[in-house]
A.B. asks: 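I am attaching a structure below and will ask some questions about it afterwards.
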Protein chains: 2
Amino acid sequence: MNPVELIKKKRDGKILTESEIEFLVSNLTKGKIPDYQFSAFLMAGFLNGLNKQETAALTRSMLYSGKVIDLSSIPGIKVDKHSTGGIGDKTSLILAPIVAAAGIKVPMISGRGLGHTGGTLDKLESIPGFRTDLNLSEYKNVIRKCGAVLIGQTKEIAPADKLIYALRDVTATVESIPFITASIMSKKLAEGIDGLVLDIKTGSGAFMKKMEDSKKLALSLINTAKAFDKKVIGFITDMNQPLGNYIGNWLEIYESVKVLQGEKVEDLLEVTLNLSGAMIFLGGKAKSIKEGIEISKKMIANGKAFEIFLKMVQLQGGNISLLKQPEKYPKSKIHEKLFADGNGFLESTDNYEIGMASLELGAGRMTMADKIDMKAGIIFYPKIGDRIKKGDLIAELFTDKKEKVDEVKKKLLSSIKLSQTRPAQVKLIKSMLT
Amino acid sequence: MNPVELIKKKRDGKILTESEIEFLVSNLTKGKIPDYQFSAFLMAGFLNGLNKQETAALTRSMLYSGKVIDLSSIPGIKVDKHSTGGIGDKTSLILAPIVAAAGIKVPMISGRGLGHTGGTLDKLESIPGFRTDLNLSEYKNVIRKCGAVLIGQTKEIAPADKLIYALRDVTATVESIPFITASIMSKKLAEGIDGLVLDIKTGSGAFMKKMEDSKKLALSLINTAKAFDKKVIGFITDMNQPLGNYIGNWLEIYESVKVLQGEKVEDLLEVTLNLSGAMIFLGGKAKSIKEGIEISKKMIANGKAFEIFLKMVQLQGGNISLLKQPEKYPKSKIHEKLFADGNGFLESTDNYEIGMASLELGAGRMTMADKIDMKAGIIFYPKIGDRIKKGDLIAELFTDKKEKVDEVKKKLLSSIKLSQTRPAQVKLIKSMLT
């Protein structure tokens, strides 16, 4: 096979065979196809698209560029969840122990935050000592002992994904549904899962801002999961405002612990319970998602979920005393409050700007080389539809960067839009697809 | 400026500004934009196209990536010709001395053969001693002394074109009219010309097989020449059969010399005289192309064109005694004749296959690293419309590769199609555009 002929085929809008895609990906991984050829293929694929079969083939060749973890020695059905990420999205931290408490194994390989959204790994690393860089035998050990594990992508897993993502990032070929699908699924399928629940965010704080695109991505992910004979359920959920109130790494751990201890953070709970309910259903421990939700609630109420969370943190090296006594966590130099400057109903927030505000306080990174301030972030109180009076507490800011405070306050105030009539309530679960 | 943003802009079908294109090309040339980014831009440009202004901007930035030769110290108007190449296309060798004899300077920078078509440089180098690698001062010296010069692309000229062409070649982005235009024009404009005549070949032996594509390329080249205030005339000429009868490097020199000495090779003369006539017209030495053609004929008849050809060869180091006594040129080991195996009128030839047959005998190269046998090639006699009888001489083969002879004979016989009714005559000059 000749790479130029394959690039030409995709350039001319033709369909590549599985072995042709495998040829391109495996030779890129071996360093036998140079970056400049693969990037021409990426742009041709970006513009001419990849069909279902090509997307599955791309996923397969990226998946088998590395190790596929075999969890068959661990009893039980393995189910994971993937979210496309959003502001304050801490559902993984809450649902992994819930689902594990219900008797399903949750082998989670997560990512880091970049730009306006945070990453589960960064959040967990705000717990002193917590290790996300477990090797495969440690990974298996944690899941065997407590039913859930949360680590980062290892070198063994889908090395082609790392190469291809790095290339997409610098060649303007990121926002492609087939490429996004293959990147997500090659890593998820490497975990050794039987089933997968997808949380595709939509709205101003999401990667996909339009419902139409979110639906396309959801369907592409679902089709690909099915091509690998995995059980799958996809949710499209709202990301037009932060999920829960806490944004920032330690702040999100804090809120997750409170929810696991029984605190009712409504919107966060609604999304989390739907996802965990679906996971329990896919794992065969409930006859429906609804029953899965009831089981989930029980696992919080009886304390089992929080117990598993503590056990998992401990097994991964984290200091659990801070989870029990969060008041002992290091404090930001600046803790500032922001008050409403007008009256009305909260009509909308520019959720992307809220994410960026948190990043500017130190909670995120613009490039993978940036360092994160684990304490930094925002508690953002109002929800769309809430009545706001001038002087109401809107947000609390935590940062060591004094110089950023005024700018961030301004950004936050201008990111909220008030109206004089009460807006329609936000539907959190916009769609469920199978 | 950020290269990713510029790639994205072209990816999304937007129009790049002149400074944006200049940024991409100049930074590629400086090694500051990596190949993998530029190749993504090339694929985006291939698929989404470049408009007139972008094509001119690309040409300009490639042109100014190197030296633009200043011929203002040499009196007279400078006019060149560019052909997109074809089988037996030796017009440059004949028209350069004709036009120089008419008092116009012809500064020609030519290319090498690749695949089914030959290159002017290779043909000239079949003359022992002929140097195509003159430096700029030698180049000016030859043109000053004899009015014409024929050299290869130097390092100083359009280095960005070399980089970009190498990248297009391995990323399936060759067949793009804007990129072809910029590649041709950046080199031609670097020669220091005032006017340019274009010979866009169309048909089975041409790069552009369809009239429609040839017209598009012709218009793109003409528009770009005009954007640089150059006088320009474009011809679309037939390439459905070899031009003249001789195909191969020395064989084409031989036929060119015969034409310069007055031999009437009809089709070759018709195309050559139209091109030289247009050059003489653009150079201001004739009031019309028609008058230019008459002057051209005179320059052959009075021996001035051949005289200039000999002088140019001599100035460029070539042995002119072989041009006067071609029987002394080294002979191929094998000289074989091919006879017709049927009766009828020649309806069509697969001209691409004739070019490939000559290549297989040793006259061409598949990659730039291959070595050429200067003696090798084919004399192909019949023209479309000719009556052929079984046993008629169709072709003569010259080669040192005994093992190729049978295969090439078969290829040649199957490349000609006979019919029982006389086909319409081929119109050589299909269109003239300004």
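Just so it is clear, the values below take in all heavy atoms, side chains as well, and ignore hydrogens, waters and symmetry mates.
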A.B. asks: Search all heavy atoms of B:K8 against all heavy atoms of A:A172 and return the closest pair with its distance.
C.D. replies: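 Taking every non-hydrogen atom into account, N-CB, 3.7 Å.
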
A.B. asks: Is the number of heavy atoms from other residues, nucleotides or ligands under 6.0 Å of B:Y352 OH greater than 12?
C.D. replies: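 Result for OH/B:Y352: open.
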
A.B. asks: Tell me if the CD atom of B:E212 is crowded by more than 12 foreign heavy atoms within 6.0 Å.
C.D. replies: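 Atom CD in B:E212 is not crowded, with 12 or fewer foreign heavy atoms closer than 6.0 Å.
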
A.B. asks: In terms of heavy-atom pairs under 4.5 Å, which option from A:N48, A:N2, A:V4 contacts chain B the most?
C.D. replies: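 If we count pairs closer than 4.5 Å to chain B, A:V4 comes out on top.
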
A.B. asks: Quick one: which residues of residues 157-171 of chain B reach chain A at under 4.5 angstrom, heavy atoms only?
C.D. replies: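 Checking residues 157-171 of chain B against chain A gives B:L167, B:D169, B:V170, B:T171.
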
A.B. asks: Decide if atom NZ of B:K411 counts as having more than 12 heavy atoms of other residues, nucleotides or ligands within a radius under 6.0 Å.
C.D. replies: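 Yes, the 6.0 Å shell around NZ holds more than 12 heavy atoms from other groups.
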
A.B. asks: Do any of residues 36-46 of chain B have a heavy atom less than 4.5 Å from a heavy atom of chain A, and if so, which, in residue order?
C.D. replies: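 The residues closer than 4.5 Å to chain A, in numerical order, are B:Y36, B:Q37, B:S39, B:A40, B:M43, B:A44, B:F46.
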
A.B. asks: Of the non-hydrogen atoms in A:R11 and B:L47, which two are nearest, and what is the gap between them?
C.D. replies: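 It is O-CD2, 3.3 Å.
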
A.B. asks: More than 12 non-hydrogen atoms from neighbouring residues, nucleotides or ligands closer than 6.0 Å to NZ on A:K401, yes or no?
C.D. replies: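 Yes, NZ of A:K401 has more than 12 neighbouring heavy atoms, counting only those of other groups under 6.0 Å.
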
A.B. asks: Taking atom NZ of B:K9 as the centre, report whether more than 12 heavy atoms of other residues, nucleotides or ligands fall under 6.0 Å from it.
C.D. replies: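 Yes - once you tally the heavy atoms of other residues, nucleotides and ligands closer than 6.0 Å, there are more than 12.
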
A.B. asks: Could you tell me whether B:K67 atom NZ has more than 12 heavy atoms of other residues or ligands within 6.0 Å of it?
C.D. replies: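 Count not over threshold, so no.
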
A.B. asks: Is the NZ atom of A:K430 crowded by more than 12 outside heavy atoms at less than 6.0 Å?
C.D. replies: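 Correct, the count exceeds 12.
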
